[in-house]
**Student:** 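Please read through the structure below; I'll follow up with questions.
Predicted model, so just to flag it, every value in this text is computed and none were measured. Order of listing sets the numbers, starting from 1, for every ligand and every atom in it.
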Amino acid sequence: MPAKKAVKKAAKKTAKKTAKKMTKQAVTVAPTALIEIPKVDYQGIRTLAFDIGGSGLKCSLLDEKGNMLTPRVRVATPKPCPPKVLLEKFTELTAQLPRYDRISVGFPGVIRHGCTLTGVNLGGDVWRNYDLRAALHKLTGKPVVVINDADMQGLGAIKGKGVEMVITLGTGIGSALFEDGRLAPHLELGHAPFRDGQTFEEQLGNQAFEDVGIERWNKRLKKAIAFWHTLTNYDTLYLGGGNTEHIRFKLPANIEIVSNMYGIKGGIWVWKDSNLADGIKK
Ligand code: BGC
């Protein structure tokens with residue numbers, strides 16, 4: 001059977017099997033969508049970028065300039081998503097991709113030396129002090145860097161000039177700060193107090209958006225932007241994440257909406273920053 005046909009047949013079979021399992025389980029684990037991946041001839045270093053989001057887990061391969069060598073493969077984030085489940089999903093997703101040499105991970109929580117300290121939207125406490133870098137290294141045998149997801153998206157999105165701030169508006173609220181292209185120590189604004197006794201995430205995260213509706217959410221966002229400007233005096237603010245599509249007010253010239261693809265593409269920059277690449281598992 002020609003290779004293409006065989007891939008299609010295998011994909012169909014797996015999808016059917018997963019669908020059957022899903023109806024039995026009635027859980028929130030969505031089947032991994034299988035897509036055809038074109039052959040990759042690239043001879044340079046291939047980086048696997050793994051973007052762990054509150055609603056989707058996404059992977060793609062990057063060349064040394066950060067261009068995507070394959071389409072992005074995605075699966076809905078299981079709820080909850082403890083380490084074991086995440087590793088299983090990682091294996092499923094990467095099984096669809098060609099070989100790679102190293103791994104960059106953007107994780108939705110606080111990271112210290114490759115260990116996750118928090119993971120509020122993935123199941124909380126199960127992520128306290130989990131050595132994700134060591135686990136992925138053990139699983140794949142590849143060098144691994146793990147950083148916060150907003151930091152990774154920011155590394156892809158910024159221009160490297162002045163003070164640049166990145167806020168992601170998705171399931172959670174992510175934040176990152178840069179000066180002349182250098183990443184500051186991770187800024188975890190999402191869980192800092194904002195107003196009415198609530199945090200930024202409680203006021204602006206996806207749950208809040210669903211609870212209070214688009215109008216109030218926009219009002220809150222305007223207030224939050226003023227706060228962030230007072231706090232950091234950013235020259236440029238980049239807004240990422242799925243909920244940017246709900247922004248209904250005119251943004252000033254120094255605020256840009258950036259693509260979520262940077263959550264993947266930022267994966268190349270972690271290897272160019274000696275601070276981040278330090279202590280990488282080899
Ligand atoms: C996490 C952050 C993360 C953000 C976006 C928050 O709940 O605490 O670390 O960057 O969600 O995923």
**Student:** Taking side-chain hydrogen bond (donor to acceptor under 3.5 Å, both in side chains) as the definition, give me every residue that meets it alongside Arg216, ordered by chain and number, with sequence neighbours left out.
**Tutor:**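 Residues passing side-chain hydrogen bond (donor to acceptor under 3.5 Å, both in side chains) with Arg216: none at all.
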
**Student:** Taking the side chain as every heavy atom from C-beta outward, state whether Ile268 and Ser104 have any atom pair closer than 4.5 Å.
**Tutor:**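 They are not in contact (no side-chain heavy atoms under 4.5 Å apart), so the answer is no.
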
**Student:** Is any side-chain heavy atom of Ile52 less than 4.5 Å from a side-chain heavy atom of Asp149?
**Tutor:**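 Heavy-atom side-chain distance check fails, nothing below 4.5 Å.
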
**Student:** Could you give the side-chain donor-acceptor pairs of residues 193-202 under 3.5 Å, partners two or more places apart or in another chain?
**Tutor:**
unit_1	atom_1	unit_2	atom_2	d
Arg195	NH1	Gln203	OE1	2.7
Gln198	OE1	Gln203	NE2	2.7
Thr199	OG1	Glu201	N	3.4
Thr199	OG1	Glu202	N	3.0
Thr199	OG1	Glu202	OE1	3.4
Glu201	OE1	Ile173	N	3.0
Glu201	OE2	Asn121	ND2	3.1
Glu202	OE1	Thr199	N	2.9

**Student:** Tabulate distances under 3.5 Å between N/O atoms of ligand 1 and N/O atoms of the protein, writing both atom names on each line.
**Tutor:**
unit_1	atom_1	unit_2	atom_2	d
ligand 1	7 (O)	Asn121	ND2	3.2
ligand 1	7 (O)	His191	NE2	3.0
ligand 1	7 (O)	Glu201	OE1	2.7
ligand 1	7 (O)	Glu201	OE2	3.2
ligand 1	8 (O)	Glu188	OE2	2.4
ligand 1	8 (O)	His191	NE2	2.8
ligand 1	9 (O)	Gly109	N	3.3
ligand 1	9 (O)	Asn148	ND2	3.0
ligand 1	9 (O)	Glu188	OE1	2.8
ligand 1	9 (O)	Glu188	OE2	3.1
ligand 1	10 (O)	Asn148	ND2	3.1
ligand 1	10 (O)	Asp149	OD1	2.6
ligand 1	12 (O)	Asp149	OD2	2.6

**Student:** Sequence neighbours excluded, which residues qualify as side-chain hydrogen bond (donor to acceptor under 3.5 Å, both in side chains) partners of Glu179?
**Tutor:**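 None.
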
**Student:** Look at Lys219 together with Glu215 and state whether they make a salt bridge at an N to O cut-off of under 4.0 Å.
**Tutor:**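 No, this pair does not count.
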
